[in-house]
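One-based numbering, in listed order, for ligands and for the atoms of each.
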Amino acid sequence: MPDPIVNHAIEEYLAGLVPPRSSVLQELEEHASTNHVPIVGPVEGNLLYLLARTNGARRVLELGTATGYSGLWLAAAVAPLHGRVTTLEMNRERAEFARANFARAGYAGMVEVILGDALKVLPSLAGPYDFIFNDLACSASQDDFALRLLDLCLPRLASGGLMVMDNAFAGSRILDANPVANVRGVLEYTRRVANHPDLETIVVPLRDGVVVSRKK
Ligand SMILES: C[S@@+](CC[C@H](N)C(=O)[O-])C[C@H]1O[C@@H](n2cnc3c(N)ncnc32)[C@H](O)[C@@H]1O
């Protein structure tokens with residue numbers, strides 16, 4: 001898909017600045033490229049790591065595990081504080097592969113992969129979480145999907161905690177004259193968190209756009 005927002009030469013420059021990764025992360029980058037798994041990649045992974053680390057997050061929730069790539073960055077951020085990562089994935093094969101990857105990286109005891117639909121699992125999670133990473137807002141076709149996730153995540157976010165949503169630009173489709181339903185949902189999510197009285201929000205124009213919100 002043509003992408004008029006992200007400058008790929010700049011992306012490559014930024015990727016060259018990311019510190020050397022573990023063998024598991026490197027393998028998952030290659031696996032994603034070969035198998036077309038939409039992972040966040042090293043630059044955004046490093047951003048997630050730094051946001052969680054500087055926020056002193058201990059309780060992390062991730063929506064959209066895939067192979068565990070971004071979850072590994074988050075696990076590395078909370079490990080020094082003996083934190084925990086809970087990550088949700090509805091695809092059984094991916095959930096099992098991710099569990100194996102967390103174990104290989106030495107995080108089996110601190111990462112829980114829950115198999116299921118985030119909309120159904122989230123109500124059963126008490127929280128609060130210091131850091132919530134939503135990497136599936138664009139996944140469904142309905143226009144209210146991103147907003148339903150927002151309504152479920154916000155009460156579970158601790159005061160001072162960060163809520164991060166990927167794909168704020170929806171592959172540039174937010175610029176369409178008549179965006180499709182899920183893109184309208186992402187646009188409405190971003191508008192709401194930018195104007196929410198309990199949140200402080202910025203959209204970082206990295207990759208496909210990263211919305212970072214802090215709960216007051
Ligand atoms: C963009 S990928 C996640 C990539 C991962 N965060 C990374 O960067 O390593 C989104 C994942 O969410 C899963 N997914 C989509 N809709 C879901 C839902 N409603 N509940 C749980 N998982 C879902 C997909 O199967 C897919 O593996």
message: Tell me whether L136 shares a hydrophobic cluster with L115, the cluster being built from Ile, Leu, Val, Met, Phe, Trp, Tyr side chains joined at under 4.5 Å.
response: no
field: same_hphob_cluster(F102, L81) at 4.5 Å side-chain heavy-atom cutoff
entry: no
- prompt: What distance separates D151 CG from L122 CG, expressed to the nearest 0.5 Å?
  reply: 11.0 Å
- prompt: Do L152 and L125 come close enough that some side-chain heavy atom pair is under 4.5 Å?
  reply: no
message: Can you list every protein residue that has a heavy atom under 4.0 Å from any atom of ligand 1, sorted by chain and residue number?
response: P38, I39, V40, E62, G64, T65, A66, Y69, S70, E89, M90, N91, R94, G116, D117, A118, D135, L136, S139, F145
Polar side-chain atom of K216 near backbone of P197 as donor-acceptor pair, under 3.5 Å: yes
query: Is the backbone of V40 close enough, under 3.5 Å, to the side chain of S70 for a donor and an acceptor to pair up by distance?
result: no
